[in-house]
Amino acid sequence: MIVKLNQVNIELTEQMLMTISKYIQKEGQSESGGVLMGGYIPSENKYVMTIASEPCAKDQRGPVLFVRSKENAQRIINQYWKDSEGRINYLGEWHTHGCKSPAPSLVDKKLLKLIIKDKSNVWPEVFMLIIGRDKSFYLGMANVESKGKIVAEIQIEG
């Protein structure tokens, strides 16, 4: 699936979408999440999201809470960077919401600002993907120029 936000093309691979779909939040379950990994093709202004890390036991989870383990996420990021010789790196965050049409919370928006501020991303944009109960999802994009404020977003129905 290819999505366009402003002038940026984002390819969401089937493998990545299948991974996050395994964690769709059902009634009474906790949120799940992880990091988005992939590559950037500057000549096409295109990101390819190939990997979504899976939740781990060290994550904090609740019905309306997900805080991923920084140590586990960094280990995953470092491994993919090394194994791909720098072609695959961190693109952003993903998590579930227990509703049909997910949207970022204030905490989610603050996280994007923090990622930009602390320079966790190596490419110009950073992304937040939130998957809802009916496989619909939200994709938001922030960048350095916006100081982490969401500059483009799209809601895709499941």
Donor-acceptor check, side chain of Gln29 to backbone of Lys26, threshold 3.5 angstrom: yes or no?
yes
Any sub-3.5 Å donor-acceptor pair from Thr13's side-chain atoms to Met49's backbone N or O?
yes
In terms of hydrophobic clustering (I, L, V, M, F, W, Y; side-chain heavy atoms under 4.5 Å; direct or indirect links), are Leu17 and Met37 co-clustered?
no
Going hydrophobic residue to hydrophobic residue with side-chain gaps under 4.5 angstrom, can you get from Val126 over to Val67?
no
State plainly whether one hydrophobic cluster holds both Leu114 and Ile130, where clusters connect Ile, Leu, Val, Met, Phe, Trp and Tyr through side-chain heavy atoms under 4.5 angstrom apart.
no
Verify the distance criterion only: is there a donor paired with an acceptor across the side chains of Tyr23 and Glu54 at less than 3.5 Å?
yes
Please name the pair of heavy atoms, one in Ala103 and one in Asp108, separated by the smallest distance, quoted to 0.1 Å.
O-OD2, 4.3 Å
Ion pair Glu11/Lys46, N-O distance below 4.0 Å
yes
Ignoring hydrogens and angles, tell me if any N or O in the side chain of Ser146 forms a donor-acceptor pair with the backbone of Val151 under 3.5 Å.
no
Review item, side-chain donor-acceptor pairs of residues 131-142, under 3.5 Å, at least two apart:
unit_1: Arg133; atom_1: NE; unit_2: Gln25; atom_2: O; d: 3.2
unit_1: Arg133; atom_1: NE; unit_2: Gly98; atom_2: O; d: 3.4
unit_1: Arg133; atom_1: NH1; unit_2: Glu27; atom_2: OE1; d: 3.2
unit_1: Arg133; atom_1: NH2; unit_2: Gly98; atom_2: O; d: 3.2
unit_1: Asp134; atom_1: OD1; unit_2: Ser136; atom_2: N; d: 3.1
unit_1: Asp134; atom_1: OD1; unit_2: Ser136; atom_2: OG; d: 2.7
unit_1: Ser136; atom_1: OG; unit_2: Lys100; atom_2: O; d: 2.2
unit_1: Tyr138; atom_1: OH; unit_2: Glu153; atom_2: OE1; d: 2.7

Show your reasoning for whether side-chain contact (heavy atoms from CB on, under 4.5 Å) applies to Glu125 and Leu5.
CA-CA 11 Å; Glu125 283 82 21; Leu5 294 176; over 6 Å; no
Hydrogens and angles aside, do Arg75 and Asn72 bring a side-chain donor and acceptor to less than 3.5 Å of each other?
yes
Should the pair Tyr47 and Phe127 be assigned to parallel (<30°), tilted (30 to 60°) or perpendicular (>60°) ring geometry?
perpendicular
Any donor-acceptor pair under 3.5 Å linking the side chain of Asp59 with the backbone of Arg61?
no
Give a yes or no on whether Val48 and Val35 share a hydrophobic cluster (residues Ile, Leu, Val, Met, Phe, Trp, Tyr; joining criterion: side-chain heavy atoms under 4.5 Å apart).
no
Check whether more than 12 heavy atoms from other residues, nucleotides or ligands sit under 6.0 Å from atom NZ of Lys82, and answer yes or no.
no
Atom pair NE2 (His97) and OG (Ser105), whose distance is rounded to the nearest 0.5 Å:
5.0 Å
So how far is it from Met1 CE to Leu12 CG, rounded to the nearest 0.5 Å?
6.5 Å
Between Glu157 and Gln155, what is the shortest heavy-atom contact and its length?
OE2-CG, 3.8 Å
Check: Ile51 main-chain N/O paired with Gln15 side-chain donor or acceptor under 3.5 Å:
no
Of all the heavy-atom pairs spanning Met128 and His95, show the shortest one and how long it is.
SD-CE1, 3.5 Å
Cluster overlap Leu36 with Val122, hydrophobic side-chain contacts below 4.5 Å
yes
What one should report as the nearest heavy-atom pair of Thr19 and Ala52 is CG2-O, 3.3 Å
Which atom pairs, donor and acceptor, lie under 3.5 Å between side-chain atoms of residues 86-94 and protein residues at least two apart or in another chain?
unit_1: Arg87; atom_1: NH1; unit_2: Ser84; atom_2: O; d: 3.0
unit_1: Tyr90; atom_1: OH; unit_2: Glu93; atom_2: OE2; d: 2.6
unit_1: Glu93; atom_1: OE1; unit_2: Arg68; atom_2: NE; d: 2.8
unit_1: Glu93; atom_1: OE2; unit_2: Arg68; atom_2: NE; d: 3.1
unit_1: Glu93; atom_1: OE2; unit_2: Arg68; atom_2: NH2; d: 2.8
unit_1: Trp94; atom_1: NE1; unit_2: Ser53; atom_2: O; d: 2.9

